[in-house]
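Heads up: the structure comes next, in structure tokens.
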Amino acid sequence: MAAVIPERLQEHHHGAHTGLMRWITTTNHKDIGTMYLIFSFVMFLAGGVMALTLRAELFQPGLQVVQPELFNQLTTLHGLVMVFGAIMPAFVGFANWMIPLMIGASDMAFARMNNWSFWLLPPAAILLIGSFFVPGGATAAGWTLYPPLSVQMGMGMDLAIFAVHIMGVSSIMGAINIVVTILNMRAPGMTMMKMPLFCWTWLITAYLLIAVMPVLAGAVTMLLTDRHFGTSFFNAAGGGDPVLYQHIFWFFGHPEVYIMILPAFGIVSQIIPTFARKPLFGYASMVYATSSIAILSFIVWAHHMFTTGMPAAGQLFFMYATMLIAVPTGVKVFNWVATMWRGSMTFETPMLFAVGFIFVFTMGGFTGLICAIAPVDIQIHDTYYVVAHFHYVLVAGSLFALFAGAYYWLPKWTGHMPDERIGKLHFWCSIVFFNVTFFPMHFLGLAGMPRRVPDYALQFADFNALATIGAFGFGLSQLIFLWAVIKCVRGGEKAAARSWESAEGLEWTVPSPAPHHTFEEAPVVR
Amino acid sequence: MTALAVENRRVLVRLVIGAVAMFGFGFLLVPFYEKICEVTGINNLLKPDVVANTQVDASREVLVLFDANVHDMPWTFRPLQRSVSVHPGELQTIAYEITNTRDVPVTGQAVPSYGPQRAGQFFLKMECFCFTQQTLAPGESRTMPVAFVLDPTLPVDVEAITVSYTFFEVAGRRVQAASTGAGSDS
Ligand code: HEM
Ligand SMILES: [Cu+2]
């Protein structure tokens, strides 16, 4: 008996709990991946509602919908929720689901820790969203939490600081898990240079996370002690300096933007070869480009601070370093284009999103280069031009890549092909409304409309009205995605193990939907 | 434990050490930043400026106006004269007066600001109460000089400069009070 029971427990590990407890206690990488993805979509909707409230207010000059205090809180929380609640956890969800499948591992290296890193997120989200309801409301200092504002705000700021701490710990744990899994758990024969690019980009991203999330944690800890324990890191009166915060924050902040885009590069690099029916052009150069982007991202942070009164030598250094980053980024874009060149392409939904990504992300890269020119940036810093720039790279970049990846791997997750008609509708609505929303913001910024304002001068009215119409269209389009996913979970055309005609990689050798346990016996890669 | 589990744990420990070290590095950026500012002379609020050019430009007169503020502190603070007219390059001394109206000792730090902002770098202070923290006994009053020179390279279109000092309380800053104050008048 005694010898049998543990074995039976082992075997029914995932069956030991049912219902809610199964999800709370699960250590299965697929379950955890699914929870990350659902969590991030919920946060995406929450952040989206905030954004639409902002756009509603900006539809016309004057104050109609919300008061300035609430407007500033919404701007701040929109940023924090989207960055830490939607984009980052979504990529971690993809990593959890796909990395073990791609490298032929049975699970993540530390399954229990994986469960903890996910379950830290909901409390953090409750702290963030709940902070709207405390006296004084949520923090209104902007997602960058600059002092002196962030030192003065009410207790909503403390909640945000704790939320950032918790989410930081969660990301670091997730990142450690990914590094160890990739370094140690690869199937025999899966050498580093045979690894799918998605694994490579995530490996590098995970190192970035381990390097910079602690720095952010340090920065917000300093804010906390300045607020409550009489230190003066950022308090000029006590000999501190608010500009110091900006340096520390952006030392984290710029690598952070690459944390949000490198896995997207990885996803796109998986999808383009499949639908162009050609191997990825320049695999090795992609790996090197990703690494050099990661390394360079540590020496460009002050391009966010050209207007803080840096010496000219400093401005020049950060300007040229920033422009240098565009070179490896360009290498990637050229590689994707070369992969498509003379390929026999078809445009299923994942491919549409991937090609859309390349097109629109590149526009965002160019506006980034314009922001990188110090004398120009002094004009456009803190205007809507910057808002346009980072939404081109984050929404049309990271988010579109996430959609591309979701449509690409949905057959593997659910066992059904996503409905092409709904997927295409989602793509075309998204890309059109995206541009209607954000393209006019370039003009607004060049004409001098500052960001983070609830009201504006009359000459900006038309473009703002247009942007608001686009934003509501974009927001509603995302419900199409929800529809597509629910429909795909419920049923649809049965997906084969290799769900897309020329998809390569170990994940396509297991049945669709992927069984609860895969690669218990490591496959051999030749 | 299997060999793999041991190996996994080894990498885990290294990465955790890396993360903890980076947390420390974040704090290390503070002295690092201060050192850079000190060496390059950016942002030295607490040190007298060095005057290189002592040529007095008698052909120009610049009006310097003085302003005083306290940030949520029980002090009265005022300049003894509202303005002076100076030639660039000429040494001038004016004075401010502070009084602690509370019945406990209070420490404050003054932070200057300038209008127009770019004039700041041409307003060279030889002596200033803003270089140190000031501690005042209950009811104490103190007259404090500011000795300054306007750098003769001051752009000619600047005809008047406003120098505004704000005193902030240092020890036991009442953050909560400050924040509710900021909340109610916003
Ligand atoms: C070619 C590559 C890029 C260059 C040269 C570049 C350059 C810049 C510069 C100079 C700024 C500062 C503008 C200002 O505040 O005045 C900026 C802001 C920003 N960039 Fe980029 N960028 C690039 C790519 C990206 C990517 C890939 C992302 C994220 C996925 C990103 C996200 C952001 C964000 C979020 C901000 C605004 C931060 C804020 O002030 O709230 N950028 N970028
Ligand atoms: Cu940046």
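Because only heavy atoms are used, hydrogens play no part in the values below, and waters and symmetry mates are left out as well, while side chains stay in. Below, chains carry the letters A, B, ... as their sequence lines are ordered, and counting in each starts from 1.
Proximity to chain B is absent for every atom of Ala219(A), based on heavy atoms less than 4.5 angstrom apart. Residue Val20(B) does not touch chain A at all, counting heavy-atom pairs closer than 4.5 Å. Contact of Phe25(B) with chain A is made through the side chain alone, with heavy-atom distances under 4.5 Å.
Among residues 173-181 of chain A, the residues having any heavy atom closer than 4.5 Å to a heavy atom of chain B are, in sequence order, Ile176(A), Val179(A), Val180(A).
Of the listed residues (Glu34(B), Glu7(B), Met22(B)), the one with the most heavy-atom contacts under 4.5 Å to chain A is Met22(B). Comparing Leu12(B), Val11(B), Val16(B), Thr166(B) by heavy-atom pairs within less than 4.5 Å of chain A, the highest count is held by Leu12(B). Taking Ala206(A), Ala217(A), Gly136(A), Ala140(A) one by one and counting their heavy-atom pairs under 4.5 Å with chain B, the maximum is reached by Ala217(A). Between chain B and the options Val243(A), Leu244(A), Ile248(A), Leu209(A), heavy-atom pairs under 4.5 Å are most frequent for Leu244(A). Counting heavy-atom pairs closer than 4.5 Å to chain B, the top-ranked of the candidates Ala109(A), Gly309(A), Pro214(A) is Pro214(A).
The shortest distance between side-chain heavy atoms of Ser291(A) and Ile204(A) falls below 4.5 Å.
Using bins of under 30°, 30° to 60° and over 60° for the plane-to-plane angle, the ring pair Phe252(A)/Phe249(A) lands in the perpendicular bin. The aromatic rings of Tyr114(B) and Phe123(B) sit tilted, their planes meeting at an angle between 30° and 60°.
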Audit row: Arg78(B), Asp67(B), salt bridge (charged side-chain N to carboxylate O under 4.0 Å, His left out) steps and yes/no: CA-CA 7 Å; Arg78(B) 66 189 181 93; Asp67(B) 177 42; over 6 Å; no
As a quick check of understanding, evaluate ring-ring contact (aromatic ring centres under 6.0 Å, His included) for Trp301(A) and His254(A), giving each step before the final call. CA-CA 5 Å; Trp301(A) 76 88; His254(A) 190 82; over 10 Å; no
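Salt bridge Arg102(B)/Glu169(B): present, at least one basic N to carboxylate O contact under 4.0 Å.
The two residues Phe77(B) and Ile98(B) make their nearest non-hydrogen contact at CD1-CG2, 3.1 Å.
Open room surrounds CD on Glu521(A); 12 or fewer heavy atoms of other groups in view lie less than 6.0 Å from it.
Phe66(B) pairs with exactly one of Ile94(B), Leu80(B), Val146(B) by the side chain to side chain contact (heavy atoms under 4.5 Å, CB included) rule, that one being Ile94(B).
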Show me, pair by pair, the donor-acceptor contacts under 3.5 angstrom made by side chains of residues 133-140 of chain B, not counting sequence neighbours?
{"unit_1": "Gln134(B)", "atom_1": "OE1", "unit_2": "Arg142(B)", "atom_2": "NH1", "d": "2.8"}
{"unit_1": "Gln134(B)", "atom_1": "NE2", "unit_2": "Phe129(B)", "atom_2": "O", "d": "3.0"}
{"unit_1": "Gln134(B)", "atom_1": "NE2", "unit_2": "Thr132(B)", "atom_2": "OG1", "d": "3.4"}
{"unit_1": "Thr135(B)", "atom_1": "OG1", "unit_2": "Thr107(B)", "atom_2": "OG1", "d": "3.1"}
{"unit_1": "Glu140(B)", "atom_1": "OE1", "unit_2": "Ala137(B)", "atom_2": "N", "d": "2.8"}
{"unit_1": "Glu140(B)", "atom_1": "OE2", "unit_2": "Arg142(B)", "atom_2": "NE", "d": "3.4"}
{"unit_1": "Glu140(B)", "atom_1": "OE2", "unit_2": "Arg142(B)", "atom_2": "NH2", "d": "3.1"}

